[in-house]
Amino acid sequence: KILADKLQEKQIDVNAFHPGMVKSGLARNAPWAIRILVKLASPFMATDSKNGIYVCLSEELVGKTGQLFVKKIPKALHFKEDYKTDLWAQTTKMLTLFN
């Protein structure tokens, strides 16, 4: 939300999306019981995130920013200001580790 606010004047949209049930390696380090459940569910999982593709490429979302999309539907994000400030500070601190 803060990044969306900072980049809005430059006309850069920043949104988030829930990818849905997508095959990935995310559970490879999970406890064995979760890995088994994921393996059983994998035939029913998509190979791509239709919601992610929609959010990234949809012309109808140009100019809409700072939203979370779940199943192509925007969900309102409400965070207390002190939480957003702390999260932003922690994020920028973590990003310095990669520079």
List the atom of [X], the atom of [Y], and the distance in Å for their closest heavy-atom pair.
X   : Y   : answer
H18 : V70 : CB-CG2, 4.1 Å
L40 : P43 : O-CD, 3.3 Å
F17 : S49 : CE1-OG, 3.9 Å

**Q.** Results of side-chain contact (heavy atoms from CB on, under 4.5 Å) for E81 - residues two or more places apart only
**A.**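 Checked E81 against side-chain contact (heavy atoms from CB on, under 4.5 Å); matches are K84, T85.
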
Q.
List the residues meeting side-chain contact (heavy atoms from CB on, under 4.5 Å) with D13, not counting sequence neighbours, and say none if there are none.
A. N15, V62, T65

**Q.** Short side-chain to backbone donor-acceptor contact, N51 and P19, under 3.5 Å
**A.**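 No, the answer is negative, given that no donor and acceptor are paired below the 3.5 Å cut-off.
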
Q: Kindly say whether V55 contributes a backbone atom to a donor-acceptor pair with the side chain of S58 at under 3.5 angstrom?
A: no

Q.
Just verifying a value: how many Å separate T96 OG1 and M94 CE, rounded to the nearest 0.5 Å?
A.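 With rounding to 0.5 Å, OG1 (T96) is 9.5 Å from CE (M94).
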
Q | Nearest-0.5 Å distance that lies between atom NZ in K71 and atom CD1 in I73 | A |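 Nearest 0.5 Å value for the NZ-CD1 distance: 8.0 Å.
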
Tell me whether [Y] is reachable from [X] by hopping between hydrophobic residues (I, L, V, M, F, W, Y) whose side-chain heavy atoms are closer than 4.5 Å.
X   : Y   : result
L68 : Y83 : yes
I12 : W88 : yes
V38 : M21 : yes

[X], [atom1]: over 12 other non-hydrogen atoms inside 6.0 angstrom:
X   : atom1 : value
M45 : CE    : yes
L95 : CG    : yes
K23 : NZ    : yes

**Q.** Test item: L87 and F79 side chains (from C-beta on) under 4.5 Å apart, heavy atoms
**A.** no

Q: Kindly write out the residues that satisfy side-chain hydrogen bond (donor to acceptor under 3.5 Å, both in side chains) with E9, not counting sequence neighbours, or none if the list is empty.
A: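 Counting only residues at least two positions away or on another chain, E9 forms no side-chain hydrogen bond (donor to acceptor under 3.5 Å, both in side chains).
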
Q: Would you please test E60 and Y54 for side-chain contact (heavy atoms from CB on, under 4.5 Å) and show each step?
A: CA-CA 10 Å; E60 65 190 60; Y54 167 77; 2.8 Å; yes

